[in-house]
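Since this is a predicted model, take the numbers as computed values, not measurements. We count residues from 1, following the sequence as given.
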Amino acid sequence: MTIWSLCLIFSLSYSVLVFASPVKHFCRPDQRDALWEFKSEFVVQMDDRLSYSNPKTESWRNNTDCCSWDGVYCYLKTGKVLELDLGDSSLSGSLRSNSSLFRLQHLKILNLGSNHNLYGNIPSSLGNLSHLTHIYLSDNGFTGELPDSMGNLNRLVDLRLDNNKLSGNFPCLLLNLSHLTWINLGSNNFKGSIPSSLFLSSSLVELDLSGNNFSGPLEIGNISSPSKLRKLRLGRNNLSGPILGSTWKLVSLKDLDLSFWRDSVDFSIFLHLTSLERLDLSYLNTRNMVDLDLFSHLKSLWDLNLSGNSLNISSTLHLPSPINTLNLSSCNISEFPKFLETQTSLSYLDISANQIKGQVPKWLWRLRYLDICQNHFNDFRGPSDDVFQYSVMFFLGSGNLFTGEIPRMICELVNLQTLVLSNNNFSGFIPTCFKNFSNTISVLHLQNNSLSGAFPEASIGGQLRSLDVGHNRLSGKLPKSLVNCTQLEFLNVEDNSFNDTFPFWLSSLPMLQFLVLRSNKFHGPISYYPLQDSLSFSKLRIFDVSQNLFTGVLPSDYFAGWSAMSSPVVYVEAFVHTLVFQNYHKSVGLTNKGSNMDLVGSVFTIYKTIDVSGNRLQGDIPESIRLLKELIVFNMSNNAFKGRIPPSLSNLTNLQSLDLSQNKLSGEIPPELGKLTFLEWMNFSHNMLEGPIPRGTQIQSQDSSSFTQNHGLCGAPLQETCSGKEEARKQYQDDDEEKEEKDQVMSWTAAIIGYVTGVLCGFTIGYILTS
């Protein structure tokens, strides 16, 4: 018992000593202070569209060991910070030349990639971190040239600067860094020639210069020994001329991109590159047909892109390689290639923009990704028996000759994430069996067909990000199940017969950026007024409810919560790529500068428009419109708005198109609008405006039709001069004033006469009564 008591006392004493001891911090104080200051140099700006972002600095605590902070890695014996990994951390701001980052003198690995909102020049102070071996600054907004001081980083092994806005000639300082193994400068604005000595490096393994403005011929150079280069990406530049030099010594090459080359390519160079696994020769500037047999000896090839070239495909062609990804878009193919059926490893096939007609082969349904857009297919064949173990996830079939009802066999594709059947001639109802993939479908585009009936509620699932059913004959109400689509970004139901009130509940969707309800039978108010002033669409970029039957007044604060239109665009390319590899086509009609246009492609990322034209709205133009400083198109025409044009419209400094025609607006056109230098088109016709048309290059250059049917307006570009009208109006005002003065005199005279008469009568009556 005594022994047990002693053991217990010893254990308790030890525990007290352990817990009473201070926690050991491995991090040196100077390193901790530098990191803490570095955190304060940036704002954490979360982007809801990037679900994978992880703001690591938000978890840092100043009273804890910095070596345990998220993204910080130390050498524990010395407490020196060796690695700082703040990639995907939602940091926003510029990297200053006096940043505390540069006090981390022992740093070997620096990762600030994929923050998207880091901008400005890369400071020369980066060259002071002489121990750096790895630099990752990809997917940001850095600009300018690389600082010469980076030539001091003679231990650098890996440099990733792709997807920025860097410029200048090829940074020759990199040629002196003998340990550089991986260089990625892709998707920037570099120009000039590529130095041939770059390929003489004995350490270089990966080189990506694609997506820049490099030009001129390419000289590989006289390589003395077989190169270690495994990846070479030179596509999407302005390079021309034959590929010269010792290309046959690039025997280790596995990944080659020569897309958009401006001269013919000698395909004999590929005879020696037998290790190739990925090859991109898309959109070569060649008039010769490319024979697909040329690649039959590449037995390791699994990714081949020949889009934009005229192909010669033999009926006996056999590719022994395990092709997984094949791009044959715009290759003038008129008959479905038979060899594809034997490619059992094929998972991704883009054969769009050809002239293939007939039925869609049934074996295609075993693929994961299938793009047959812009062909002449007219029928589907049902999936083969083994389709369920592969199951198409992405199917793009727009721009073909499909007719009749949407085949029910599509409902068997229960893993479908993207379905695009736009620009065909499908008719009948949207199949109710679409509910089979409602839990997986992310993109559903059925635009420009002849579909009718109500939209089935059960087809809407929580994963939906883009829904386009515009230009059909759909009717009924907008499906309320859309309120559950918290990831919905794009909604287009234009040119149908939907008969419903305004869907206020859509304002609860945090990601909604594009809302197009135009040309339907929506009716009633589009505001909560008088219960609530503003209608908050914080992410909305396009708001088009034109050509409906909406009524009521827009309160003064209506646009107060529309923050995306009041701040500059932050273009997140990585986000755009997540939607179907950016290969699905989305478009929407838009009235801009008085004409109808289709908004397509990357324009969606920058366009901001409000169109409420062709309704029955009334009242004043909301004063809160002044907040939307990034607005490009503003159309309120064909309504019953009254009152004056707000001078605060001059705050919309990016405005290019303004249409206020066919309303009941009065007063003068604000002179401040003459300051809007981007305003190319405007229309004030058919109102009750008066006074001189403001002077200003943009206003004076407009056609006179933009100001007609305003009987009080004068001045260029109208023929009616202001001098006569001003004199007449002044004379009219003088006559009014003179008449008003005479009326006042007559009134005072009458009042005095009445007063005197009244007093005399009063005295007389008083005298009679007292007598």
Side-chain angles (χ1 to χ4, degrees), residues 276-282 289-402 407-421 424 580-581 583:
L276 278 175
E277 297 177 357
R278 302 183 65 177
L279 178 61
D280 188 347
L281 299 177
S282 59
M289 295 192 74
V290 178
D291 195 334
L292 213 54
D293 279 320
L294 288 170
F295 310 102
S296 59
H297 69 288
L298 301 177
K299 301 187 186 311
S300 300
L301 195 65
W302 64 269
D303 186 343
L304 177 62
N305 190 345
L306 296 173
S307 295
N309 299 297
S310 294
L311 294 184
N312 178 25
I313 305 176
S314 168
S315 58
T316 59
L317 174 67
H318 174 67
L319 294 181
S321 58
I323 295 286
N324 174 273
T325 301
L326 184 61
N327 289 271
L328 302 177
S329 177
S330 302
C331 289
N332 294 321
I333 301 172
S334 58
E335 193 174 316
F336 208 94
K338 294 180 180 178
F339 81 95
L340 291 176
E341 188 172 358
T342 62
Q343 297 298 312
T344 55
S345 298
L346 192 64
S347 176
Y348 178 111
L349 176 63
D350 180 356
I351 201 164
S352 62
N354 285 290
Q355 295 91 42
I356 306 172
K357 54 190 174 182
Q359 292 182 320
V360 179
K362 63 182 181 180
W363 63 266
L364 285 178
W365 302 110
R366 75 187 185 209
L367 305 181
R368 297 273 180 174
Y369 180 100
L370 176 60
D371 186 350
I372 60 170
C373 292
Q374 300 177 58
N375 277 285
H376 303 301
F377 290 109
N378 58 17
D379 196 10
F380 289 91
R381 286 186 179 181
S384 55
D385 294 337
D386 61 349
V387 70
F388 297 107
Q389 59 180 317
Y390 297 97
S391 193
V392 170
M393 299 172 68
F394 305 93
F395 177 52
L396 290 79
S398 65
N400 280 284
L401 303 176
F402 296 122
R408 298 301 188 270
M409 48 80 49
I410 288 182
C411 300
E412 304 295 328
L413 308 175
V414 293
N415 294 317
L416 206 58
Q417 295 181 21
T418 295
L419 177 61
V420 179
L421 296 175
N424 283 286
V580 204
F581 310 105
N583 284 330

So how far is it from [X] [atom1] to [Y] [atom2], rounded to the nearest 0.5 Å?
X: Asn324; Y: Glu277; atom1: CG; atom2: CD; result: 11.5 Å
X: Leu319; Y: Leu304; atom1: CG; atom2: CG; result: 8.0 Å
X: Phe295; Y: Leu301; atom1: CZ; atom2: CG; result: 8.5 Å
X: Ile313; Y: Ile333; atom1: CD1; atom2: CD1; result: 4.0 Å
X: Leu349; Y: Leu370; atom1: CG; atom2: CG; result: 6.0 Å
X: Asp303; Y: Ser347; atom1: CG; atom2: OG; result: 11.0 Å

- Task: Specify whether Phe380 and Phe395 have parallel, tilted or perpendicular ring planes, treating 30° as the upper limit for parallel and 60° as the lower limit for perpendicular.
- Result: perpendicular

- Could you tell me how the ring of Trp363 sits relative to the ring of Phe336: parallel (under 30°), tilted (30 to 60°) or perpendicular (over 60°)? perpendicular

- Show your working on side chain to side chain contact (heavy atoms under 4.5 Å, CB included) between Asn305 and Asp350 and close with a plain yes or no. CA-CA 9 Å; Asn305 190 345; Asp350 180 356; over 6 Å; no

For [X] and [Y], which heavy atoms make the closest approach, and how far apart are they?
X: Gln343; Y: Arg366; result: O-NH2, 3.3 Å
X: Leu416; Y: Phe394; result: CD1-N, 4.3 Å
X: Asn332; Y: Ser310; result: ND2-OG, 2.9 Å
X: Val392; Y: Leu364; result: CG2-O, 4.1 Å
X: Cys331; Y: Gly308; result: SG-N, 4.0 Å

Please examine the side chains of [Y] and [X], heavy atoms only from C-beta on, and report whether any two atoms are closer than 4.5 Å.
X: Asp293; Y: Ser314; value: yes
X: Tyr369; Y: Leu396; value: yes
X: Leu326; Y: Leu346; value: yes
X: Phe339; Y: His318; value: no
X: Ile410; Y: Leu421; value: yes
X: Met409; Y: Trp365; value: yes
X: Tyr348; Y: Leu367; value: no
X: Thr418; Y: Met393; value: no

- Query: Do other residues, nucleotides or ligands put more than 12 heavy atoms under 6.0 Å from Gln359 CD?
  - Reply: yes

For the pair [X] (side chain) and [Y] (backbone), establish whether a donor and an acceptor sit closer than 3.5 Å, ignoring hydrogens and angles.
X: Asn354; Y: Leu328; value: yes
X: Asn400; Y: Asn375; value: yes
X: Asn309; Y: Leu281; value: yes

- Assess the side chains of Ser329 and Asn327: does a donor N or O sit below 3.5 Å from an acceptor N or O? no

